[in-house]
2 protein chains.
Amino acid sequence: MALRRIDPASDRAVYRQIADHLRADIESHERPPGSQLPSESSLVADYGVSRVTARRALSVLVTDGLAISEHGKGWFVRRRPPVKRLSSDRFARRHEGKAAFTVDMEANERKFSVEVIYVGQGDAPPEITSRLGLPPGTAVLVRRRRYLVEGQPTEFATSYIPLDIAAGTPIEQENPGPGGIYGRMEDHGLVFERYDEEISARMPTEDEARHLSLPAGSPVLHLVRTAVASGRVVEVCDTIMDSAAFVLFYSLPAR
Amino acid sequence: MALRRIDPASDRAVYRQIADHLRADIESHERPPGSQLPSESSLVADYGVSRVTARRALSVLVTDGLAISEHGKGWFVRRRPPVKRLSSDRFARRHEGKAAFTVDMEANERKFSVEVIYVGQGDAPPEITSRLGLPPGTAVLVRRRRYLVEGQPTEFATSYIPLDIAAGTPIEQENPGPGGIYGRMEDHGLVFERYDEEISARMPTEDEARHLSLPAGSPVLHLVRTAVASGRVVEVCDTIMDSAAFVLFYSLPAR
DNA sequence: CACGAGGACTCGTGTACACAAGTGGAATCG
DNA sequence: CGATTCCACTTGTGTACACGAGTCCTCGTG
């Protein structure tokens, strides 16, 4: 956090130089996560620039996911949510009848909770019905929930299950019992063959940013899991994750 | 692209309303990828706002990864690179002696090429040597390359291999021959056991954005693969990918 | 025809100012 | 003492203006 000056001879724009100074402080942990950054007016005073330029410098850090602003309070170094590992390999997925998420959390000694947002019949988007092998517009069972790790929302998941599998079973309940919905499906004789997972990353929509309490400039991981049992797709699960909170982990046996 | 007006009674800021209009046009494909967006001055004229406000609206789209600006030319709807699937499952990875990347590309009928940037001895970062089970600062073989799909750089990968495995073998050459470096390792009697892959997403550094020709506001996928053969880690591969270009695909057998 | 100079357009960066609105502590009032 | 008001501070949104620099087309000259 040494006193730094703008180099007027530099080709680099002034607002970028200011952002570089702050970024260096953040990356060296001289400005730790959660700490307050200089206010706009103090940057104006320290660097002799206009407020517009000071704001531009700070907004660079927001785009980089390093800082956030809070109205009326100030600018802060972004606080990273607790990092978690999602063990998606086939051995961890169904350990002792617990969901993979539970196993992951216990292995990492994290406090976590699940909020069920909605369970009931509903329409699935076309890309979901297509994965389920159903005609567009078919009603399915929708299970929407939010996962919190150490009080912080980190994951937002929606499962879509064909009604002929879910109807009249505990899958329609908020809490489907031990082993989760996969356990209930196995109770009904379904034999799981594989889980296909597709992963992409993108910037969140405003809705997603609100649901996950994400600051601007932070990407989300998007995971779509397709569960295949007894020769058919029995569930599609669409998950949006705070990318700062997750490292997905896959272990792939050779041959 | 219907003529739209600002709602002065709305709580939503003017620049956000303008951004919403443009976003709707982009998402409905009325403004297709690569097409030019209204210039700042035409937004000023059409909406009766200042240039600062017009720019603010456009910069929202940049943060969302929907638009880019080109100095002296204008603002454009971001052109998505061709989407590719990385089949990381154990069956596709080593098909007929071809690298997974080649198999993926041929399956998707994409033109692709590889630029070798550096092959030679070098230092590995501490997090890499730790994965390799080597003391910090140990020299290793570094293989750095850039993958282009349809002329567009999409992936930037660096492999780190212990010298006692690589030295004096074709692994030290730019082109290690059929089956790539894994093939040469098998030639020397190494038996592959598994590949561990860790995936995260974040905003690119400026270097990465430059190497991948990424516009601002577009996140990258970060994949670290650890290859285990004959009881030891024989390679760590660190890959940065344009997240708009990739969907990672994993097929996990049940039990 | 080839080349170069202009000029009109674009975005990039910077100034100065104004007012709205959220936050938090100090002062004041009952 | 407790509640409310007020004020100083913060960021959010908007205006108007200036100049630099990249792009691209046109026009004029040799």
Side-chain angles (χ1 to χ4, degrees), chain A residues 5-22 31 34-63 66-79 206 209-210 213 215-217, chain B residues 5-22 31 34-63 66-79 206 209-210 213 215-217:
Chain A
R5 283 261 149 64
I6 295 302
D7 173 10
S10 168
D11 279 347
R12 199 158 176 77
V14 170
Y15 77 92
R16 289 190 194 276
Q17 293 186 46
I18 298 174
D20 289 344
H21 295 173
L22 295 171
R31 297 186 181 278
S35 65
Q36 186 159 13
L37 289 163
S39 72
E40 298 171 8
S41 51
S42 68
L43 287 179
V44 167
D46 292 350
Y47 285 97
V49 295
S50 70
R51 185 174 162 222
V52 176
T53 300
R55 277 182 71 82
R56 193 130 58 199
L58 290 161
S59 72
V60 168
L61 301 179
V62 171
T63 302
L66 293 174
I68 54 169
S69 67
E70 294 184 31
H71 193 177
K73 291 186 184 172
W75 296 78
F76 299 86
V77 179
R78 191 152 123 58
R79 193 190 297 277
E206 288 185 30
R210 199 172 52 247
S213 311
Chain B
R5 284 260 149 65
I6 295 302
D7 174 9
S10 168
D11 279 346
R12 199 158 174 78
V14 170
Y15 77 92
R16 289 189 193 277
Q17 293 186 47
I18 298 174
D20 289 344
H21 295 171
L22 294 171
R31 298 186 181 277
S35 64
Q36 187 159 11
L37 290 164
S39 71
E40 299 170 9
S41 52
S42 68
L43 287 179
V44 167
D46 291 350
Y47 285 97
V49 295
S50 70
R51 188 176 158 220
V52 176
T53 300
R55 278 183 70 83
R56 193 130 57 199
L58 290 162
S59 71
V60 168
L61 301 179
V62 171
T63 301
L66 292 174
I68 55 170
S69 67
E70 294 184 32
H71 193 175
K73 291 186 184 173
W75 295 79
F76 299 86
V77 179
R78 191 151 123 60
R79 194 190 295 279
E206 287 185 31
R210 200 172 50 248
S213 311

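Computed from a prediction, not measured in an experiment: that's the story for all the values here. Order of the sequence lines sets the chain letters (A, B, ...), proteins ahead of strands, with each chain counted from 1.
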What's the CD-P distance between B/E70 and D/dG22, to the nearest Å? 14 Å

Could you give the CD1-to-P distance, from A/I6 to C/dT15, as a whole number of Å? 10 Å

For A/K73 and A/G48, find the nucleotide of DNA chain C closest to each by heavy atoms; which residue's nucleotide sits nearer the 5' end? A/G48

Find out whether B/R55 and B/S69 are in side-chain contact, i.e. whether some heavy atom of one side chain is under 4.5 Å from a heavy atom of the other. no

Ignoring hydrogens and angles, answer whether the base of C/dG12 and the side-chain atoms of A/R16 contain a donor-acceptor pair closer than 3.5 Å. no

At less than 3.5 Å, do the side-chain atoms of B/R51 and the base atoms of D/dG14 form a donor-acceptor pair? no

How many Å lie between CG on B/D11 and P on C/dA20, as a whole number? 15 Å

I want to check something: taking the side chain as every heavy atom from C-beta on, are B/V77 and B/L37 in contact at a cut-off of under 4.5 Å? yes

Between CZ of A/R55 and C1' of D/dG14 the distance, given in whole Å, is 11 Å

Distance below 4.0 Å between B/S41 side-chain N/O and C/dT10 OP1 or OP2: yes

Do A/W75 and A/V62 come close enough that some side-chain heavy atom pair is under 4.5 Å? yes

Take the protein atom NE2 of B/H71 and the nucleotide atom P of C/dG12, then report the distance between them rounded to whole Å. 6 Å

If you pin A/E40 and B/G72 to their nearest nucleotides in DNA chain D, which one's is more 5'? A/E40

Below the 4.0 Å mark, does D/dT10 have OP1 or OP2 next to a side-chain nitrogen or oxygen of A/W75? no

State, with a plain yes or no, whether a side-chain heavy atom of B/Y47 is found less than 4.5 Å away from one of B/Q17. no

Rounded to whole Å, please give me the gap between CZ in B/R56 and P in C/dG12. 15 Å

Nearest-Å distance for atom pair OH/C1', residues A/Y47 and C/dG14: 17 Å

Report the distance from atom CZ of A/R12 to atom P of C/dG12, rounded to the nearest whole Å. 15 Å

Whether A/S69 contacts D/dT10 is assessed here as follows: a side-chain N or O lying under 4.0 Å from the phosphate OP1 or OP2. Is that the case? no

Distance test, side-chain N/O of A/T53 to OP1/OP2 of C/dT15, below 4.0 Å: yes

So, is A/S50 near the phosphate of C/dG14, with a side-chain N or O under 4.0 Å from OP1 or OP2? no

Reckon A/V52 touches a base, only the sugar-phosphate, or nothing at all at heavy-atom distances under 4.0 Å? base

Check whether any side-chain heavy atom of A/L22 sits under 4.5 Å from a side-chain heavy atom of A/L58, and report yes or no. yes

